[in-house]
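For reference, the structure is listed below as structure tokens.
Keep in mind that this is a model prediction, so the values were computed, not measured.
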Amino acid sequence: MSLIVQKFGGSSVADAERVFNVANIVTDTYKAGNSVVVVVSAQGDTTDDLIAKAKEINESPSKREMDMLLSTGEQISISLLAMAIEKLGFPVVSLTGWQVGVHTDSNYSNSRIRKIDHERLQKELDKKNIVIVAGFQGINRYGDITTLGRGGSDTSAVALAAALHADLCEIYTDVDGVYTTDPRIVKNAAKLKEITFDEMLELASLGANVLHNRSVEMGKKYNVNMCVRSSLTRAEGTIVKEVVDMEKMMVRGIAKDSDVARISICGIEDTPGKAFRIFTLLAKKSINVDIILQSIGRDGKKDISFTVTETNLEEALRLLEENKDTIAYENLSWTKDVSKISIVGAGMVSNPGVAAKMFEALYEAQININMISTSEIKVSVLIDSALADKAVRVIHDKFDLA
């Protein structure tokens with residue numbers, strides 16, 4: 001008998017028909033002789049609707065109260081799914097994050113899991129119950145409900161799988177696996193049979209929206225066997241694991257990230273410590289910086305350009321303007337009209353010329369590169385956002401990933 005954790009996203013339980021579809025998947029797994037823990041997100045657009053309701057009352061509510069509100073979305077989902085499974089005649093119980101014992105830090109709206117006391121969960125499994133757990137939420141040391149931020153249900157599922165030493169963690173989404181790139185952009189994108197944690201982590205961090213990067217980090221750390229598959233087709237999905245046969249494929253996938261803004265700080269004094277001051281200032285406000293480019297100093301001055309997410313742009317600009325005298329720069333410019341295109345593959349490290357091939361594809365399509373960032377398994381470029389989809393297509397063709 002295996003222990004399987006299954007996670008279903010909001011689109012998978014968006015209405016009654018889909019709730020019963022999920023109930024059938026879960027009960028089929030249970031009937032096969034497995035113990036089953038199910039993690040569920042809020043239905044469809046419930047989270048967005050709750051945010052809109054909050055804004056009707058208060059434009060700037062506290063993060064604590066927003067967590068209290070948003071956590072109710074998952075509570076609706078788990079109870080409805082449990083009712084559907086009850087109707088099918090199977091033993092089931094639904095539990096919130098705090099009932100399960102998901103303990104987090106106190107960073108409201110974006111908390112991190114510290115530990116899981118899974119005694120209650122194990123007792124329910126020992127009773128042969130199917131256990132439905134609210135994803136995206138936990139409880140902090142003050143007894144307050146917290147939420148895990150974007151992709152939190154994926155993280156909840158992998159954390160529970162790790163705590164319970166589950167045999168498999170299945171992540172059900174509205175796509176049937178991980179593709180070489182977004183099939184909506186490239187019609188002949190190929191579905192990958194398997195992918196490494198490192199490759200999946202890079203793709204998730206670079207804009208591929210199949211899995212959230214925090215869940216992949218946790219899967220890698222605790223070596224949780226993961227599978228990404230569709231709740232609508234039941235087709236075989238993509239296995240995410242530590243090592244795969246990658247000799248034949250130096251590039252595994254291409255990601256596009258449009259949630260990017262570029263900031264340029266021009267005319268900075270070319271003296272030691274300036275970059276340290278700038279990026280420490282941003283780090284203290286938890287503003288992540290991605291691609292960084294510094295010019296060679298001339299006439300005692302230099303320029304530094306870097307990227308942040310669009311959501312962090314306004315605060316980053318405010319911090320830089322408030323500290324203009326301390327940093328000592330001449331002017332500040334920014335743009336949202338950029339996108340980041342990345343190629344990812346663990347096989348790239350042993351295959352020289354991969355970056356050149358990517359740049360050749362962009363050159364042939366007359367797409368200019370603004371900034372470049374590389375690592376052992378990825379190459380990212382910043383380009384005009386209007387050309388982003390075209391860039392994905394020409395790079396996909398150049399590496400023959402169809």
Taking Val26 as the fixed residue, which of Asp28, Val22, Thr29 is the one that meets the side chain to side chain contact (heavy atoms under 4.5 Å, CB included) rule?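 With Val26 as partner, Asp28, Val22, Thr29 yield a single side chain to side chain contact (heavy atoms under 4.5 Å, CB included), made by Val22.
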Side chain to side chain contact (heavy atoms under 4.5 Å, CB included) partner of Lys302, chosen from Thr271, Ile265, Ile268: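 When Thr271, Ile265, Ile268 are each tested with Lys302, the side chain to side chain contact (heavy atoms under 4.5 Å, CB included) holds only for Ile268.
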Give every donor-acceptor pair under 3.5 Å between a side-chain atom in residues 316-324 and any protein atom, sequence neighbours left out.
unit_1, atom_1, unit_2, atom_2, d
Arg318, NH1, Glu322, OE1, 3.3
Arg318, NH1, Glu322, OE2, 3.0
Asn323, ND2, Leu319, O, 2.7

Distance-only polar pair, side chains of [X] and [Y], donor-acceptor under 3.5 Å:
{"X": "Ser380", "Y": "Ser373", "answer": "no"}
{"X": "His396", "Y": "Thr180", "answer": "yes"}
{"X": "Thr46", "Y": "Gln43", "answer": "no"}

Of the non-hydrogen atoms in [X] and [Y], which two are nearest, and what is the gap between them?
{"X": "Gly267", "Y": "Lys301", "result": "O-CD, 3.7 Å"}
{"X": "Thr146", "Y": "Ile139", "result": "OG1-N, 3.8 Å"}
{"X": "Gly10", "Y": "Ser41", "result": "N-CB, 3.6 Å"}
{"X": "Ser305", "Y": "Met371", "result": "O-CE, 3.5 Å"}
{"X": "Gly177", "Y": "Lys191", "result": "CA-CD, 4.0 Å"}
{"X": "Ser12", "Y": "Ser231", "result": "OG-OG, 2.8 Å"}

Under the side-chain contact (heavy atoms from CB on, under 4.5 Å) criterion, do Phe306 and Ile304 qualify, and how do the steps go? CA-CA 7 Å; Phe306 55 91; Ile304 296 179; 4.2 Å; yes
Worked check of side-chain contact (heavy atoms from CB on, under 4.5 Å) between Val39 and Phe136: CA-CA 9 Å; Val39 177; Phe136 176 65; over 6 Å; no
Would you confirm whether [X], through its side chain, and [Y], through its main-chain N or O, come within 3.5 Å as a donor-acceptor pair?
{"X": "Ser215", "Y": "Val158", "value": "no"}
{"X": "Asn21", "Y": "Glu17", "value": "no"}
{"X": "Ser109", "Y": "Lys63", "value": "no"}

Parallel, tilted or perpendicular: which one describes the rings of Phe8 and Tyr172, with boundaries at 30° and 60°?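 Answer is parallel, since the angle falls under 30°.
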Mind jotting down which residue pairs meet the salt bridge (charged side-chain N to carboxylate O under 4.0 Å, His left out) criterion with at least one end in residues 372-387? Sequence neighbours excluded, please.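 Found none.
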Would you mind listing every salt bridge (charged side-chain N to carboxylate O under 4.0 Å, His left out) that reaches into residues 64-83, with sequence neighbours excluded?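 Passing the test, one end in residues 64-83: Arg64-Asp144.
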Would you say [X] has more than 12 foreign heavy atoms packed within less than 6.0 Å of its [atom1]?
{"X": "Glu314", "atom1": "CD", "result": "no"}
{"X": "Glu315", "atom1": "CD", "result": "yes"}
{"X": "Asp299", "atom1": "CG", "result": "no"}

Would you please name every residue forming a side-chain hydrogen bond (donor to acceptor under 3.5 Å, both in side chains) with Arg184, sequence neighbours left out?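 Checked Arg184 against side-chain hydrogen bond (donor to acceptor under 3.5 Å, both in side chains); matches are Asp182.
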Excluding sequence neighbours, so at least two apart, what forms side-chain hydrogen bond (donor to acceptor under 3.5 Å, both in side chains) with Asn288?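 Not a single residue meets the side-chain hydrogen bond (donor to acceptor under 3.5 Å, both in side chains) criterion with Asn288.
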Please report, to 0.1 Å, the donor-acceptor pairs under 3.5 Å made by any side chain of residues 48-60, with sequence neighbours excluded.
unit_1, atom_1, unit_2, atom_2, d
Asn58, OD1, Ser60, N, 2.8

Do Phe90 and Val92 make a side-chain contact, defined as non-hydrogen atoms from C-beta onward lying under 4.5 Å apart?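 Phe90 does not reach Val92 side chain to side chain.
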Under 4.5 Å between any side-chain heavy atoms of Glu202 and Ser375, yes or no?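 In short, these two side chains touch, coming nearer than 4.5 Å.
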Measure the spacing between CG of Leu95 and OG of Ser79 and express it to the nearest 0.5 Å.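 Those atoms lie 12.0 Å apart.
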Applying side-chain contact (heavy atoms from CB on, under 4.5 Å) to Leu168 and Cys227, what does each step give before you reach the verdict? CA-CA 8 Å; Leu168 180 64; Cys227 180; 4.3 Å; yes
Before giving the answer on salt bridge (Lys or Arg N to Asp or Glu O under 4.0 Å), spell out for Arg120 and Glu124 the whole-Å C-alpha distance, their side-chain angles and the decisive distance to 0.1 Å. CA-CA 6 Å; Arg120 171 74 188 275; Glu124 298 295 345; 3.0 Å; yes
State whether Asp154 and Arg214 are salt-bridged, where the test is any N-O pair (Lys NZ or Arg NE/NH1/NH2 against Asp/Glu carboxylate O) under 4.0 Å.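 Salt bridge flag = no for Arg214 with Asp154.
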Check this for me: does any side-chain nitrogen of one of Asp105 and Arg114 sit under 4.0 Å from a carboxylate oxygen of the other?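 A salt bridge is absent here (no side-chain N lies under 4.0 Å from a carboxylate O).
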Check the pair Thr181, Ile395 against side-chain contact (heavy atoms from CB on, under 4.5 Å), reporting the backbone distance first and the verdict last. CA-CA 10 Å; Thr181 194; Ile395 295 168; over 6 Å; no
Applying salt bridge (Lys or Arg N to Asp or Glu O under 4.0 Å) to Arg229 and Glu236, what does each step give before you reach the verdict? CA-CA 7 Å; Arg229 57 194 310 183; Glu236 283 191 22; over 6 Å; no
